[in-house]
There are 2 protein chains.
Amino acid sequence: MATKYVYFFGEGKADGRAELKNLLGGKGANIAEMTNLGIPVPPGFTITTEVCTYYYEKNCSYPAELKAQVDEAMARLEQIMGRRFGDKETPLLVSVRSGAASSMPGMMDTVLNLGLNDETVEAVARQTGDERFAYDCYRRFVAMYGDVVLGLKPESKDDVDPFDAILEEMRKHRGVEFDNQLPASDLKDLVERYKLLIRGRKGVVFPQDPHEQLWGAISAVFGSWNNPRAVAYRELNNIPADMGTAVNVQTMVFGNMGNDCGTGVAFTRNPATGENVFYGEYLINAQGEDVVAGTRTPQPINQIQKTDDTVVSLEESMPEIYEQLDKIRLTLDRHYRDMQDIEFTIERGKLWMLQTRAGKRTGFASFKIAVDMVRQGILTKEEALMRVQPEQLNQLLRPTFDPKAKEDAEKNRTFLAKGLNAGPGAATGRAVFNAPDAEEWAKRGDRVILVRIETSPEDIRGMHASQGILTARGGMTSHAALVGRQMGKVCVVGCNALEIDYPKRQMLVGDRVIREGDWLSLDGTTGEVFMGQIPTRPSEILRVLIEKSLPPDQSEVYQDYVSLLSWADEFRRLGVWTNADQPNQAEEALAFGAEGIGLTRTEHMFFEGNRINAVREMILSDKREGREKALAKLLPMQREDFKGLFRVMQQRPVTIRTLDPPLHEFLPQDEKDIKKLAEEMGVSYERVASKIESLHELNPMLGHRGCRLGIVFPEITAMQARAILEAACEVKKEGLSVHPEVMIPLVGHVGELKNQKQVVDTIAKEVMKDYGVTVEYRVGTMIEVPRGALTADRIAEVAEFFSFGTNDLTQTVYGISRDDAGKFLFDYIDAKIWEHDPFERLDQLGVGSLMEIAVQKGRGARPDLKIGICGEHGGEPTSVEFCHRLGLDYVSCSPYRVPVARLAAAQAAIREKKSR
Amino acid sequence: MATKYVYFFGEGKADGRAELKNLLGGKGANIAEMTNLGIPVPPGFTITTEVCTYYYEKNCSYPAELKAQVDEAMARLEQIMGRRFGDKETPLLVSVRSGAASSMPGMMDTVLNLGLNDETVEAVARQTGDERFAYDCYRRFVAMYGDVVLGLKPESKDDVDPFDAILEEMRKHRGVEFDNQLPASDLKDLVERYKLLIRGRKGVVFPQDPHEQLWGAISAVFGSWNNPRAVAYRELNNIPADMGTAVNVQTMVFGNMGNDCGTGVAFTRNPATGENVFYGEYLINAQGEDVVAGTRTPQPINQIQKTDDTVVSLEESMPEIYEQLDKIRLTLDRHYRDMQDIEFTIERGKLWMLQTRAGKRTGFASFKIAVDMVRQGILTKEEALMRVQPEQLNQLLRPTFDPKAKEDAEKNRTFLAKGLNAGPGAATGRAVFNAPDAEEWAKRGDRVILVRIETSPEDIRGMHASQGILTARGGMTSHAALVGRQMGKVCVVGCNALEIDYPKRQMLVGDRVIREGDWLSLDGTTGEVFMGQIPTRPSEILRVLIEKSLPPDQSEVYQDYVSLLSWADEFRRLGVWTNADQPNQAEEALAFGAEGIGLTRTEHMFFEGNRINAVREMILSDKREGREKALAKLLPMQREDFKGLFRVMQQRPVTIRTLDPPLHEFLPQDEKDIKKLAEEMGVSYERVASKIESLHELNPMLGHRGCRLGIVFPEITAMQARAILEAACEVKKEGLSVHPEVMIPLVGHVGELKNQKQVVDTIAKEVMKDYGVTVEYRVGTMIEVPRGALTADRIAEVAEFFSFGTNDLTQTVYGISRDDAGKFLFDYIDAKIWEHDPFERLDQLGVGSLMEIAVQKGRGARPDLKIGICGEHGGEPTSVEFCHRLGLDYVSCSPYRVPVARLAAAQAAIREKKSR
């Protein structure tokens with residue numbers, strides 16, 4: 001049997017169906033599907049993508065069987081329509097459109113009104129009784145054909161389209177503004193001038209034979225698959241080049257033949273909010289392009305959407321058509337089990353559907369539709385879970401600017417600059433330029449935005465006190481971004497346009513000055529920065545979940561949210577833990593569904609209250625005795641920290657990392673602060689300055705930090721181990737269950753872990769004996785330098801768990817400091833060397849393959865080794881999926897990313913199930 | 001058959017032999033071997049190491065068969081000697097000594113004169129006619145037995161030996177200085193006092209039964225295997241704890257029975273120079289311990305060694321004994337096929353050999369003996385190659401201090417401090433504290449030592465002008481050490497005791513001040529620093545090979561050196577290339593046998609002459625045009641550099657790395673220099689300062705460097721590619737063969753290499769067309785970040801060769817900056833977390849396993865992929881061996897390490913052959 005290259009559709013029956021998307025393209029497959037559903041679609045046929053592949057493989061020729069199949073389909077079309085192609089009385093007009101399996105909007109070419117020539121145009125004029133309409137169609141066809149098929153393009157980028165130039169001249173000549181003000185005679189004239197232009201510029205005569213026109217158009221559409229724009233688009237979107245496009249040849253229908261005609265676009269549900277209401281707009285007596293062009297204002301399709309009485313909805317103007325359309329809407333929505341984006345045309349009182357496809361939507365809508373469709377019995381839970389992008393969940397949590405107010409702000413030119421959208425949400429507050437001020441202002445009741453060149457651990461309390469954080473430097477994983485996200489703060493980073501002047505407590509943005517106390521508004525979802533206050537709306541879900549100011553049963557979105565996440569929990573295998581340093585963070589994470597703490601950064605606790613003084617005293621002591629004295633002051637404070645965490649987390653594991661950052665991060669850097677410190681400590685300025693100097697490192701990221709601190713200063717690890725174990729014993733005595741896990745950072749050699757584990761075990765024994773309490777604790781390690789992964793078998797002989805620190809692991813695997821990557825990151829993305837910032841999305845090929853080695857070697861040595869991840873990637877969906885495939889036990893992420901990780905984990909499990 | 005636990009030796013026949021070292025220990029096996037060779041050895045027997053193992057496994061008990069076997073051996077001994085153990089007329093005395101397979105000098109215990117008691121001592125007195133002698137033996141035995149067997153030790157570390165205390169008291173009482181001035185009666189008295197001490201302190205009676213004495217001694221020797229000193233020694237030297245020691249029971253012979261007696265130690269060749277002459281010393285009428293104790297000055301064994309006429313050689317005093325000894329010396333030297341360290345005793349005119357073992361020697365001797373033994377037909381070339389440690393070859397190349405002069409310096413207290421011995425050799429010069437001064441002083445003829453806190457690329461010309469380099473900071477792979485070694489400079493780094501004051505141009509070491517211009521002497525072989533000038537001796541080999549001031553046929557050591565290395569070349573499979581930036585370095589490397597250049601660091605060339613100005617102009621330009629203008633000035637200079645290298649290397653490959661270091665390394669750091677630069681460039685001080693500030697990086701090691709520079713500034717790569725290809729074309733036109741290989745640094749993603757290769761290929765095409773010359777060139781990459789190794793399959797699709805940059809790879813695999821490692825390196829070595837500094841010796845387990853992945857993946861994608869190593873490890877023997885096993889094509893190292901690598905590569909090949 002000969003290969004079938006042409007799929008017909010018409011009279012309620014189509015050769016194709018939706019599943020044949022790869023063969024028929026998205027448009028062709030959906031037209032076939034609609035036809036089979038009994039929905040009125042202008043009849044026609046689709047030439048398959050296999051022809052496209054053949055066309056490119058065989059030097060732009062066609063399969064031998066194609067012509068006969070096209071001829072047969074045309075004959076059938078003529079028979080159905082009672083019209084003939086090129087007939088001088090009742091001519092058939094068709095459109096020729098491309099349609100690939102993956103949508104490539106606007107990338108490829110279309111020819112409309114094909115079949116018109118000097119004779120058929122007269123027949124159309126006669127039949128419609130509208131010469132102007134007929135010649136308008138003809139002149140549009142000649143221009144489109146000249147452009148698409150004959151390649152008559154502007155001669156340079158700066159030129160206007162040559163056909164438009166002639167039209168423009170005509171309009172000027174007539175002194176009219178719009179095309180539709182030109183009389184039929186002018187349009188006739190235009191056709192002739194277009195033909196002359198084609199002959200003059202391309203040396204060919206515009207073909208009068210409709211079959212020649214048809215094959216010319218088919219070839220042009222196939223040819224457009226490889227036009228530079230299309231190639232670039234495919235590369236950008238990872239669409240394979242050998243997929244090919246289909247060609248759809250379809251009877252023309254016209255929405256512009258009078259007031260019983262029209263055209264419109266609609267969504268089967270609200271694409272912004274997800275509400276289950278019909279949503280769309282239409283124009284009477286118009287063609288599709290008129291809706292888009294915006295020369296006339298489209299009208300709403302139904303009463304619900306009417307905002308004022310001057311407009312007329314389709315429901316009012318054509319109630320029967322609207323009723324028919326609404327039925328089709330329900331049919332398609334349920335049939336496709338997804339919100340559809342549809343196009344329709346009404347030709348002399350008859351409704352025709354031209355297109356249906358899944359509609360684009362906001363994160364909010366995506367979530368709402370998925371949940372509703374489960375409730376409606378349209379989708380299974382599994383399917384609904386796959387419909388929501390995990391990142392979209394975060395949009396539900398953020399306070400947002402009132403859209404109207406933001407629009408006004410833009411109008412009032414209060415927009416200042418744009419940075420990276422590191423912490424979604426909206427915040428307004430008064431600008432302050434250092435962390436102590438932020439705290440002070442906040443204490444007296446001011447809402448502040450902390451503005452810094454970049455932030456450091458010293459700024460943490462100030463960041464906490466602020467509504468939002470704005471930095472001039474740093475990327476998506478800078479200190480500000482990382483800590484901001486963990487705190488759930490609105491955060492815009494790397495906003496290069498800011499020229500911050502600390503001494504003057506002000507910043508310049510272009511010629512505008514923002515002084516301390518001036519109001520700023522940050523849109524962390526878009527990265528925009530505005531002067532002044534823009535009112536915000538709080539997130540409903542947070543009001544229920546965190547603030548507890550709204551009862552759960554009063555929030556529909558909260559109910560939906562909880563439902564979706566509980567479905568996710570039914571399917572996921574990965575545990576979802578959180579990174580939290582404070583009891584209140586842990587509480588928030590629990591509210592979001594965290595099942596444990598995967599990372600407590602003890603150093604963040606060092607900046608609480610007056611502790612930093614004891615920390616500095618410890619660092620400045622040259623002898624062990626001095627350090628131990630200072631550490632003894634920290635012990636009770638750290639113990640209280642841990643007790644707080646244990647009480648919140650109870651039976652859940654709490655993973656506490658021993659001190660990690662280089663010591664110089666705890667010391668002041670500028671002269672004034674050093675002087676102050678020296679006075680406080682009662683030592684000379686020179687002494688403090690020289691100690692700071694001696695702690696200076698060329699590459700602190702690769703310097704004296706992590707377990708290297710604990711090895712040189714075992715008394716630090718000892719103090720922290722004591723604080724953890726004493727806290728555990730005390731909380732256990734309160735009758736609660738405790739599960740501390742002590743995590744040693746930056747281990748590259750099993751000897752490092754052995755050394756530190758011994759310190760912990762010795763102290764643990766002592767403490768448990770003193771308290772007469774037994775606490776089950778584990779000692780494990782971060783895997784965050786390549787050697788840790790490469791020698792994981794040895795390390796697993798000592799480690800009771802692994803946790804991948806993929807921030808540092810990415811830095812060392814790439815040999816790139818994320819703090820310094822800004823100098824070339826953009827060049828790398830521009831040059832397409834990297835597809836993504838590896839600090840944002842886990843690099844599976846490089847970092848991932850090292851993780852795989854670590855998992856294999858680690859579990860080889862200790863089969864029940866618990867393995868997790870606590871880098872920022874733990875809350876990023878593609879990375880979570882990778883962790884699932886790798887067989888990790890859990891991911892740990894900042895509290896606000898817990899829901900994202902829960903959904904991503906469920907999706908990973910569902911995807912795995914499907915692929916089996 | 002019962003297990004044989006006791007191996008007898010005596011009457012020219014032994015149960016054991018040298019090969020049974022693991023069973024009999026080194027001493028026992030060699031005694032057996034000597035016995036079988038017909039060499040006079042006091043008869044006895046060895047209890048095997050299996051008994052030791054049994055002893056520890058079975059709770060300090062012995063195999064049932066042991067007693068019968070020992071009794072049988074004792075009986076046989078009595079029969080041979082015609083004496084009986086404990087006999088009141090002709091008593092047999094024995095020594096009981098430990099002897100493990102691996103030598104553990106001084107770690108375990110020995111008991112001499114065993115068999116003496118209150119009765120046998122009288123028999124000995126009668127038989128020798130020397131009561132004093134008999135009681136001296138007895139009192140020594142009682143003390144030794146009390147100490148070793150009964151555990152009568154000093155009560156605290158600070159106490160003297162309690163037996164010595166009694167002896168001391170006796171000497172004081174008698175008013176004599178030496179033991180041998182005490183009469184027999186005093187010695188008798190001492191025996192009684194010793195016995196009382198034992199009874200008082202240990203509550204036991206000194207045993208009179210020789211068999212009880214014997215078993216007590218045997219148990220004590222086995223027990224000493226696990227004494228704390230021995231355990232610590234084994235841990236330090238990686239000797240397995242379950243090897244056990246043997247026990248040697250041997251008839252006593254005495255060198256202290258009169259003037260026809262004596263004892264001595266000797267080497268079969270000169271252990272310092274390797275010369276094939278008998279070398280040793282002896283004492284008339286003395287025991288072994290007297291030679292060591294140094295109370296009497298030993299005499300040379302032969303005439304050759306006589307330095308003055310007051311001494312009497314053994315050759316003179318006992319010509320027959322000497323002749324016999326010399327024969328034994330030749331027998332052993334040839335039989336063992338190695339220089340032997342021997343011990344002998346002459347008892348009443350009869351020569352007894354007590355011990356033979358391989359002798360310790362200097363590097364020089366080791367080399368000389370190996371070569372000589374091949375010439376003598378004793379060793380094969382393969383064996384000789386295995387006898388020389390590759391590192392020892394370097395000792396042959398270095399100028400050295402005249403040992404006498406250095407000794408004087410030590411006496412005169414001119415020793416200042418000790419640092420790390422980074423560049424072996426000896427150098428004297430006047431202290432200067434910056435590089436420009438070094439150049440200036442050198443220009444006017446002064447020899448200088450450049451003293452810096454640490455060096456940077458800017459110091460290169462100053463380093464070159466110096467005799468030696470001394471730094472206060474930095475490790476074995478710091479800039480100073482690395483460049484110093486490459487230049488062949490004497491270099492001491494990380495000398496923490498120096499307090500350098502640049503502004504005052506002086507340094508403090510303790511309370512001593514060294515000012516600019518003061519003389520310093522550096523011993524780079526030991527790391528010692530002296531004030532003043534110590535005269536040096538130039539290396540003969542260098543005078544032949546590099547200076548060409550000595551004809552080859554006039555230097556025996558040169559002939560030997562060339563022979564050994566030519567033998568190495570016969571066996572090795574690995575190529576040995578060199579890292580060289582200058583034609584003269586390349587020439588030196590060729591003289592040392594380099595077969596190619598594996599790494600030319602183009603940035604080193606940027607500091608030549610006035611080039612740095614153009615480099616700075618390039619860096620300071622904000623626009624591409626400005627950079628290109630500056631680069632155009634550098635082009636002809638770089639081209640000349642490469643022409644020089646190509647002319648020297650000709651048909652050999654020359655691998656040139658594109659620009660690698662971060663740009664800020666080329667800019668001045670202090671205000672004065674910045675001002676000067678700003679003036680020179682005609683721009684404002686602020687402009688230059690702010691540019692320098694903007695180039696500042698938190699972690700420059702992980703920052704904007706390597707190919708990241710070429711990707712952001714492709715014009716730099718383009719200039720360098722042009723310089724390389726133009727140079728190649730011009731040299732090829734001169735009729736020479738050229739093989740440039742362009743190496744892209746720091747590649748972690750194949751996209752980086754693709755990007756840079758395209759720049760190189762485009763320029764190459766252009767240049768070859770312009771010159772009308774075709775040059776075969778390759779483009780490859782460094783593998784120096786983990787991601788490069790992990791994705792080597794992808795990278796190999798583009799790379800034509802790989803070169804492991806193990807310096808950076810070690811930094812990234814460990815997550816450790818070598819510049820900052822000083823803060824914890826020593827703690828790591830002390831805590832035995834690391835066995836070696838991984839920057840010195842390639843970490844095979846971690847870094848190595850990553851290299852293995854890269855080799856497998858790289859060759860998987862491109863089977864003929866050429867792979868080398870150009871990190872500092874390329875000249876380190878264990879690392880070279882690893883590279884051989886990994887199947888690399890070549891190692892590349894600094895010129896002076898080429899011979900080391902040649903030998904190490906040969907050894908790797910020989911070892912591999914053996915293990916098959």
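Bear in mind that the values here come from a model prediction, so they are computed numbers and not experimental data. Per chain, numbering begins at 1; letters A, B, ... match sequence-line order.
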Just to verify, which of A:Asp820, A:Leu825, A:Ile816 counts as forming a side chain to side chain contact (heavy atoms under 4.5 Å, CB included) with B:Arg708?
A:Ile816
Rounded to the nearest 0.5 Å, how far apart are CG of A:Leu709 and CZ of B:Phe824?
9.5 Å
So, taking the atom named CG in A:Leu753 and the one named CD1 in B:Ile833, what distance separates them when rounded to the nearest 0.5 Å?
10.0 Å
Can you say whether B:His704 sits under 4.5 Å from chain A via the side chain, the backbone, both, or neither, judging by heavy atoms?
both
Give me the contact list for residues 695-703 of chain A versus chain B, heavy atoms only, anything under 4.5 Å, ordered by residue number.
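If one takes a 4.5 Å heavy-atom cut-off, the residues of residues 695-703 of chain A near chain B are A:Leu695, A:His696, A:Glu697, A:Leu698, A:Asn699, A:Pro700, A:Met701, A:Leu702, A:Gly703.
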Using atom types as modelled and distance alone, determine if a side-chain donor or acceptor of B:Lys823 lies under 3.5 Å from a backbone N or O of A:Ser694.
yes
Largest heavy-atom contact set with chain A, pairs under 4.5 Å, which of B:Asp808, B:Asp843, B:Asn755, B:Val750
B:Asp843
Between B:Leu746, B:Leu845, B:Asp827, B:Val847, which has the largest tally of heavy atom pairs under 4.5 Å with chain A?
B:Leu845
Need one label for A:Ala831: side chain, backbone, both or neither, based on atoms under 4.5 Å from any heavy atom in chain B.
side chain
Which of residues 849-860 of chain B get closer than 4.5 angstrom to chain A, counting heavy atoms alone?
B:Ser849, B:Leu850, B:Ile853
Residue-level contacts of residues 785-794 of chain B with chain A, using a heavy-atom cutoff under 4.5 Å:
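Residues of residues 785-794 of chain B touching chain A at under 4.5 Å: B:Val785, B:Pro786, B:Arg787, B:Leu790, B:Thr791, B:Arg794.
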Scan residues 745-755 of chain B for pairs that pass salt bridge (Lys or Arg N to Asp or Glu O under 4.0 Å), counting only residues two or more places apart or in two chains.
none
